[in-house]
Amino acid sequence: MTTPDVAGDVTFEIPQGSRHEFRHDLSPDAPALENYSEGDGAFGYAHSYETGSRVDGPGVRITLFLSGCPLRCQYCHNPDTWKLKHGVRVTLERVVTRLGHFAPALRALKGGLTISGGEPLVQAAFSRRILGAAKSLGLHTAIETSGFLGERANDEYLKELDLVILDIKSGDPETYLRATRQPLAPTLRFAERLAAMGKPVWVRYTLVPELTDDPANVEAVAKFVAPMKNVEWVEVLPFHQLGAFKWKELGLEYQLADTPPASSDLVARVHGQFRDAGCNVR
Ligand code: SF4
């Protein structure tokens, strides 16, 4: 357990931990997302970071979870990343210094840095500067994003990225809206832009029984992704209930309390749909 060191109104200590830990009201004075203007990205808000991740890109990685997300996915396991105020306010300098401590090990393990969230493009200036610093340290860089704010990732931003992990949460616009409360189109536009420039992408698809499992919905994602040569993998993530307690802690209505985990038969069917469309799936 570390004690945050505080200078002025900036809390420097970024919490090491896990995406499954609950964080709440660590920066109660942080603005609401709609009022947030981050300036040059010299500081930002972070939920936590994990070391030793083997699932958020190639090799062994540090995954940094930033605060702020414009989506409201019914199955979100990190609703404590939706608002900036639930994260810690951290300086870019402190993040980069901490990253530097890990850089030799990450390079040796052929890994790097992945910025996730929340949605990393909510804090596009902050995340771009972190990614740029990571590249200067010789690290492989990635973000995990819904793509909803893809227009904020300008060419300068994408230059700092070796990989985009793109969550395409549904192929049917109505299902997407029901699952996330936001439209699908910006994500598809971002995916097409990444394909046109040949940027490596891993697509993630969260498989939620009775929400995203309709065969036609899966088929729409598979057919959209299959022709994209830049998409290296489609990863099917079976729904789980690990984040349910966070909804309760935050006093939010959790609609999936009775939804079972995706069965192995269902996962196999969806893998088969992606494979049959011509995708590399795992
Ligand atoms: S995009 Fe991610 S962080 Fe945002 S609501 Fe959906 S699952 Fe949660």
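Residue indices begin at 1 and follow the sequence shown. Every number for a ligand or one of its atoms is a count from 1 in the order of the listing.
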For this session: Examine C69 and say whether one of its N/O/S atoms is closer to atom 4 (Fe) of ligand 1 than 2.8 Å.
Result: yes
For this session: Starting from atom 8 (Fe) of ligand 1, locate the nearest protein heavy atom and write down its residue, its atom name and how far away it is, to 0.1 Å.
Result: C76 SG, 2.3 Å
Exercise. Is the NZ or CZ atom of R204 positioned over W233's six-membered ring, under 6.0 angstrom from the centre and within 45° of the axis?
Worked result: no
Exercise. At what distance is the nearest protein heavy atom to atom 5 (S) of ligand 1, and which residue and atom is it?
Worked result: W82 NE1, 3.2 Å
Exercise. Could a heavy atom of F148 be found less than 4.0 Å from some atom of ligand 1?
Worked result: no
Exercise. Can we say D80 and K246 salt-bridge, meaning some charged N sits less than 4.0 Å from an Asp/Glu carboxylate O?
Worked result: yes
Problem set entry | From the candidates H47, K169, E119, E144, the one that places a heavy atom nearest atom 2 (Fe) of ligand 1 | K169
Exercise. Step by step, would you call H47 with H86 a side-chain contact (heavy atoms from CB on, under 4.5 Å)?
Worked result: CA-CA 7 Å; H47 175 277; H86 291 322; over 6 Å; no
Exercise. Where on H77 is there a heavy atom closer than 4.0 Å to ligand 1, on the side chain, on the backbone, on both, or on neither?
Worked result: neither
Problem set entry | Pairing of D155 and R193 as salt bridge, 4.0 angstrom limit | yes
For this session: Give a yes or no on whether the ring-centroid distance for F126 and Y45 is below 6.0 angstrom.
Result: no
Seminar exercise, completed: Ranked by distance from atom 3 (S) of ligand 1, the top protein heavy atom is G118 N, 3.6 Å
Exercise. Are H77 and Y75 close enough that their ring centers fall under 6.0 Å?
Worked result: no
Exercise. How close does the nearest protein non-hydrogen atom get to atom 6 (Fe) of ligand 1, and which residue and atom is it?
Worked result: C73 SG, 2.3 Å
Exercise. Does ligand 1 have an atom that lies less than 4.0 angstrom from a heavy atom of N78?
Worked result: no
Problem set entry | D29/K85 ion pair, N-O < 4.0 Å | no
